[in-house]
Amino acid sequence: MKRLYSSLLLLVMAGSLYAQESKTTDGLSKKEQREQRKLKRISLFKQLEEGENLYQREFSAGARINTDGWTGLFELGYRKSRTKVNYFQIEFGEKKNPKEDKKAGQPKGVDPYGFIYSEKPYIYGKQNNFYQVKLGVGQQRLIGGKANKNGVLVNAIYYGGLSVGMLKPYYLNIVDPNTEQGIQVKYGQNPLYDQAFLDRASIIGGAGFGKGWGELSIVPGVHAKTGLRFDWARFNEVVSALEVGVNAEYYTKDINIMIDQGSKKFFFNAYIALQFGKRWDKK
């Protein structure tokens with residue numbers, strides 16, 4: 001019996017010592033400590049993925065519809081503070097005149113199946129295609145954060161930089177008044193052909209997108225825009241944004257797009273854009 005009592009006493013003392021060792025200085029057991037660390041990780045994950053955006057880098061690509069054309073873009077952002085993100089953007093776009101009227105080319109023939117096929121369509125009265133490559137820097141400023149993954153992140157944006165305008169002559173296939181044969185011409189090449197440019201009966205069809213690239217004229221300029229960006233992505237790691245705003249551009253030379261619409265150096269438009277991408281922390 002004495003041996004049994006001695007063994008029980010030793011077991012009780014050992015259990016008491018183990019319990020004391022498993023307690024930390026703040027009175028938490030190892031199990032409670034593990035649970036606390038787990039809850040902390042979950043809280044941090046929710047903060048990163050659902051609540052306030054804390055990521056340091058972001059990259060996105062998108063497309064923009066302007067009231068005077070279209071734009072494709074790439075954007076790289078660097079977080080400056082909790083409410084500000086600096087970003088760099090490169091864009092490629094084309095200006096279009098609202099008076100542009102695309103017409104079908106003249107019938108060309110009948111294929112073996114009996115279908116009539118035509119010359120390439122053309123834009124009546126067009127003189128030049130006008131493309132732009134833009135480089136710029138800007139900043140996003142937080143207006144309203146999202147409290148959870150179902151919220152919307154709202155940023156004000158302002159941006160500006162350099163623009164490289166590219167004028168490409170617009171070619172048509174027309175009937176040569178002298179030979180009655182088809183010929184490819186651009187406006188301004190010959191006064192006789194210029195008359196045919198505005199005579200629908202003399203136009204056979206468009207010369208195609210590839211014609212004229214070897215005759216580009218470079219026109220430098222500047223541009224600026226401002227707007228609002230709404231990011232509705234469920235998690236902050238993802239960029240899914242709608243942007244609306246206004247854009248202004250100024251070029252150093254007059255830009256002629258249509259023959260009978262005059263030229264101008266200053267362009268102003270409203271736009272709507274969609275951007276998609278991702279965010280991450282710097283290594």
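Please read all numbers here as calculations on a predicted model, not as lab measurements. All heavy atoms count here, side chains included; hydrogens, waters and symmetry mates do not.
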Under 3.5 Å side-chain donor-acceptor pair for Asp281 and Gln56: no

Atom pair CG (Asp231) and CG (Asn155), whose distance is rounded to the nearest 0.5 Å: 8.0 Å

Check: Lys186 main-chain N/O paired with Gln189 side-chain donor or acceptor under 3.5 Å: yes

Closest approach of Asn256 to Leu167 (non-hydrogen atoms, all atoms of both residues): O-CD2, 3.9 Å

Rounded distance (nearest 0.5 Å) linking atom OG of Ser60 with atom NZ of Lys278: 13.0 Å

Donor-acceptor pair, side chain of Lys95 and main chain of Ile255, under 3.5 angstrom: no

Gap between atom OG1 of Thr83 and atom CD of Gln139 - 0.5 Å precision: 8.0 Å

Asp199 side chain to Ala201 backbone, donor-acceptor under 3.5 Å: yes

Arg279 to Tyr87 six-membered ring, cation-pi geometry met (6.0 Å, 45°): no

Hydrophobic cluster membership, Val219 vs Tyr250, 4.5 Å side-chain cutoff: no

Could you pull out every donor-acceptor pair under 3.5 Å between side chains of residues 263-271 and any protein atom, sequence neighbours left out?
{"from": "Asn269", "atom 1": "ND2", "to": "Asp68", "atom 2": "OD1", "distance (Å)": "3.0"}
{"from": "Tyr271", "atom 1": "OH", "to": "Glu243", "atom 2": "OE2", "distance (Å)": "2.7"}

Co-membership, hydrophobic cluster, residues Trp232 and Val85, 4.5 Å side-chain: no

Same apolar cluster (I L V M F W Y, side chains within < 4.5 Å links), Phe88/Ile157: no

Nearest non-hydrogen partners of Ile174 and Ala196, listed with the distance: CD1-CB, 3.6 Å

CA sep, side-chain torsions, deciding dist, call: Asn247, Thr71, side chain to side chain contact (heavy atoms under 4.5 Å, CB included): CA-CA 12 Å; Asn247 177 76; Thr71 303; over 6 Å; no

Spacing of CD belonging to Glu249 relative to OG belonging to Ser163, to within rounding of 0.5 Å: 5.0 Å

Distance-only side-chain donor-acceptor flag, Thr226 / Tyr159, under 3.5 Å: no

Atom pair CD1/CG of Ile183 and Asn190 - distance to nearest 0.5 Å: 8.5 Å

Connected hydrophobic set around Tyr131, excluding itself, where side chains approach under 4.5 Å: Trp70, Phe92, Val133, Val164, Met166, Phe209, Trp213, Leu216, Ile218

Side-chain touch Val239/Phe276, heavy atoms, less than 4.5 angstrom: no

Within-4.5 Å side-chain heavy-atom neighbours: Glu91 and Arg64: yes

Heavy-atom side-chain contact between Leu242 and Ile272 under 4.5 Å: yes

Check ion pair Lys126-Glu100 (N to O, under 4.0 angstrom): yes

Side chain to side chain, Lys211 and Tyr170, heavy atoms closer than 4.5 Å: no

Note, Leu162 side chain near Pro220 side chain (heavy atom, < 4.5 Å): no

Heavy-atom side-chain contact between Asn86 and Lys80 under 4.5 Å: yes

Side chain to side chain contact (heavy atoms under 4.5 Å, CB included) between Phe197 and Val185, intermediate numbers included: CA-CA 9 Å; Phe197 240 78; Val185 296; 3.7 Å; yes

Hydrophobic cluster membership, Tyr122 vs Tyr187, 4.5 Å side-chain cutoff: yes

N/O donor-acceptor pair under 3.5 Å between Ser202 side chain and Val175 backbone: no

Of all pairs that satisfy salt bridge (charged side-chain N to carboxylate O under 4.0 Å, His left out), the ones with a partner from residues 173-184, not counting sequence neighbours: none

Trp280 vs Glu237, side chain to side chain contact (heavy atoms under 4.5 Å, CB included): CA-CA, chis, key distance, verdict: CA-CA 7 Å; Trp280 69 95; Glu237 188 180 19; over 6 Å; no

Arg79 side chain vs Tyr55 backbone, donor-acceptor pair below 3.5 Å: yes

Short side-chain donor-acceptor distance under 3.5 Å, Gln195 and Tyr193: no

Side-chain donor or acceptor of Asp101 paired with backbone N/O of Tyr124 under 3.5 Å: no

Lys99 backbone acceptor or donor facing Asn97 side chain under 3.5 Å: yes

Sub-4.5 Å side-chain heavy-atom contact between Tyr251 and His223: no

Closest non-hydrogen atom pair between Gly205 and Glu119, with its separation: CA-CB, 4.1 Å

Whether over 12 other heavy atoms sit under 6.0 Å from Leu198 CG: yes

Heavy-atom check, side chain of Lys134 versus side chain of Lys225, under 4.5 Å: no

Rounded distance (nearest 0.5 Å) linking atom CZ of Arg141 with atom CG of Leu228: 13.5 Å

Co-membership, hydrophobic cluster, residues Ile259 and Ile204, 4.5 Å side-chain: no

Verdict with reasoning, Arg229 to Gln140, per side chain to side chain contact (heavy atoms under 4.5 Å, CB included): CA-CA 8 Å; Arg229 182 174 296 179; Gln140 301 177 36; 3.1 Å; yes

